[in-house]
2 protein chains.
Amino acid sequence: MEPAGLRADARHNRDRILGAAREAYAARGLDVPMGAIARRAGVGVATLYRRFPSRESLITEVFGDELATCAAVVDEALADPDPWHGFCAAIEKVCAMQVADRGFTDAFLTAFPEAIDYERTRARAERGFAEVIRRAKAAGRLRADFAMADLTLLLKANCGVTDGAGQAAAAGSRRLVAYLLQSFRAEHAEPLPPPPRLTLAHLHAPTPR
Amino acid sequence: MEPAGLRADARHNRDRILGAAREAYAARGLDVPMGAIARRAGVGVATLYRRFPSRESLITEVFGDELATCAAVVDEALADPDPWHGFCAAIEKVCAMQVADRGFTDAFLTAFPEAIDYERTRARAERGFAEVIRRAKAAGRLRADFAMADLTLLLKANCGVTDGAGQAAAAGSRRLVAYLLQSFRAEHAEPLPPPPRLTLAHLHAPTPR
DNA sequence: GGCCAACCGGACGGGGTCGTCCACTTACCT
DNA sequence: AGGTAAGTGGACGACCCCGTCCGGTTGGCC
């Protein structure tokens with residue numbers, strides 16, 4: 001992740017590029033031209049491409065840690081003595097992350113199902129969250145018919161609210177999450193249509209064809 | 001809307017273009033190249049541009065009726081003797097429309113706040129729906145703190161679920177809507193974070209800057 | 001049938017992005 | 001200090017999209 005065999009100037013530029021990319025992606029989402037990032041970092045386009053052979057590899061690198069943070073959130077939820085509180089907190093945190101960093105959402109939601117690292121981290125997060133769900137149900141707080149797919153649903157829904165709402169995104173996301181968490185409570189359970197066949201992996205692929 | 005002063009071949013081509021555009025937009029969303037639509041319609045690009053001077057005018061024309069349908073849904077809700085049933089049915093219908101026609105969502109959600117017709121129709125729909133809300137609250141079925149902004153929230157959330165979920169979009173949308181309608185019920189009301197400052201008009205503008 | 005205006009379609013210019021190439025510069029080791 | 005490989009940046013080609021222009025074609029009225 002941090003190639004050691006680089007010359008001092010090269011490493012310096014690499015850092016500047018990553019910084020510029022992080023800022024740009026957070027502010028404007030993923031569709032920022034490579035040239036813009038290079039300019040922002042004060043380097044030439046070639047330098048950028050030498051360090052990150054493709055647009056994809058840059059994005060993967062940039063959002064690697066944030067994805068890790070995301071997985072950490074699941075671990076926190078597992079550590080919480082109150083399963084329901086852990087469940088809610090985890091959801092709220094991830095959604096807040098989606099709001100804070102516009103690129104983050106796109107980054108691992110709409111791009112690159114192929115990135116190996118992502119796949120592994122996501123699988124881990126998914127297993128962990130399944131356990132969070134199990135516990136919350138066992139505690140009698142989470143409705144029994146809650147499915148893993150509902151998490152995907154919530155994330156995608158939050159994604160829609162976040163996307164381009166600017167100022168109102170934060171408030172909107174908070175309120176949406178509050179509404180949904182209320183329906184997730186066991187005591188509110190009423191029949192629902194069947195859950196969609198969605199895994200976290202299905203968060204990808206914004207364009208079906 | 002249907003210019004009469006056109007020569008037979010011109011009118012024929014106009015229809016083919018509209019048909020092709022409708023299909024393409026429904027299937028792949030709004031970002032379909034003009035050239036692709038022209039090819040699909042079996043005409044040259046120039047023909048397309050002569051009939052619809054800009055990309056925007058084509059889209060406006062294509063989705064005019066669907067927007068009207070949307071407004072009609074509100075009228076149905078107003079006509080429903082059971083305010084809560086009308087409220088739910090209206091939401092379910094509009095969300096189903098979003099699922100069925102991928103372009104529809106983008107069309108009046110993410111594009112052209114300027115289109116006069118849209119503005120007027122939307123304003124009408126908004127007034128109508130405000131009345132639906134008022135009645136549902138008066139009937140004691142809709143929670144008192146439900147805000148108009150929550151409708152926008154729901155539509156944007158549904159938009160996120162719909163977007164690129166392909167097969168699962170329909171099931172996902174249905175389930176999301178069911179969850180949210182449950183939280184909207186008066187008897188489930190619990191404190192919520194304040195609603196975002198969103199109008200239907202704010203459905204637009206996918207890119208803040 | 002014949003004529004003319006309306007209509008047609010492909011080629012084209014302008015703008016934008018991705019990713020590559022190459023002549024020049026610079027860090028770093030000896 | 002000096003040589004060299006690694007590093008650098010701007011120019012460049014390929015591609016795609018929007019919207020326009022112009023020479024050829026055709027509908028429809030007389």
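Computation of the quantities below employed the complete heavy-atom set of this structure, encompassing side-chain atoms and omitting hydrogens, waters and symmetry-equivalent molecules. Each chain gets a letter, A, B and so on, in the order the sequences are listed, and its residues count up from 1. Computed from a predicted model, the values in this text were never measured in an experiment.
- Thr47(B) and Asn13(B) share no side-chain donor-acceptor pair at under 3.5 Å.
- Residue Arg51(B) places at least one side-chain N or O closer than 4.0 Å to OP1 or OP2 of dC8(C).
- Note: CG (Leu6(B)) to C1' (dC29(D)) measures 17 Å, nearest angstrom.
- The side chain of Arg50(B) contributes an N or O atom lying less than 4.0 Å from OP1 or OP2 of dC8(C).
- Considering only side-chain atoms of Asp9(A), the nucleotide from dC8(C), dA27(C), dT17(C) that sits closest is dA27(C).
- Spacing between atom CG of Leu30(B) and atom P of dC18(D) amounts to 12 Å, rounded to whole angstrom units.
- Summarising the geometry, the separation between OH on Tyr49(B) and P on dA11(C) is reported as 17 Å, rounded to the nearest angstrom.
- Here the side chain of Val45(B) is nearest to one of dC28(C), dG19(D), dC18(C), namely dG19(D).
- Taking 4.0 angstrom as the limit, Asn13(B) places none of its side-chain polar atoms (N or O) nearer than this to OP1 or OP2 of dC7(C).
- With rounding to whole Å, Phe52(A) atom CZ is found 12 Å from dT8(D) atom P.
- Distance, Arg7(B) CZ to dC7(C) P: 6 Å, rounded to whole Å.
- Taking the six-membered ring for Trp, Phe87(B) and Phe146(B) have ring centres closer than 6.0 Å.
- For Ile37(B) and dG19(D), the CD1 to C1' distance is 14 Å, given to the nearest whole Å.
- Comparing Ala8(B) and Ser54(B) by the nucleotide of DNA chain D that holds the closest heavy atom to each, the one mapping nearer the 5' end is Ser54(B).
- Residue-to-nucleotide proximity on DNA chain C shows that, of Gly35(A) and Ala46(A), the 5′-proximal contact is made by Gly35(A).
- Side-chain contact annotation: Gln182(B) with Arg143(A), donor-acceptor N/O pair under 3.5 Å present.
- In this entry the distance linking CD1 of Ile59(B) with C1' of dC18(D) reads 12 Å, nearest Å.
- Atom pair Leu48(B):CG and dC7(C):C1' shows a separation of 14 Å (rounding to whole Å applied).
- Nucleic acid contact for Arg39(A): none, since no nucleic acid atom lies under 4.0 Å from a heavy atom of the residue.
- Side-chain atoms of Ser57(B) come within 3.5 Å of backbone atoms of Ser54(B) as a donor-acceptor pair (strictly under, hydrogens ignored).
- Between Thr47(B) and dG9(C) there is a side-chain polar atom (N or O) within less than 4.0 angstrom of OP1 or OP2.
- Residue-level contact check: Ala10(A) touches the backbone only, with heavy atoms under 4.0 Å from sugar-phosphate atoms and none from bases.
- Between the side chain of Arg135(B) and the backbone N or O of Leu78(B) there is at least one donor-acceptor pair closer than 3.5 Å.
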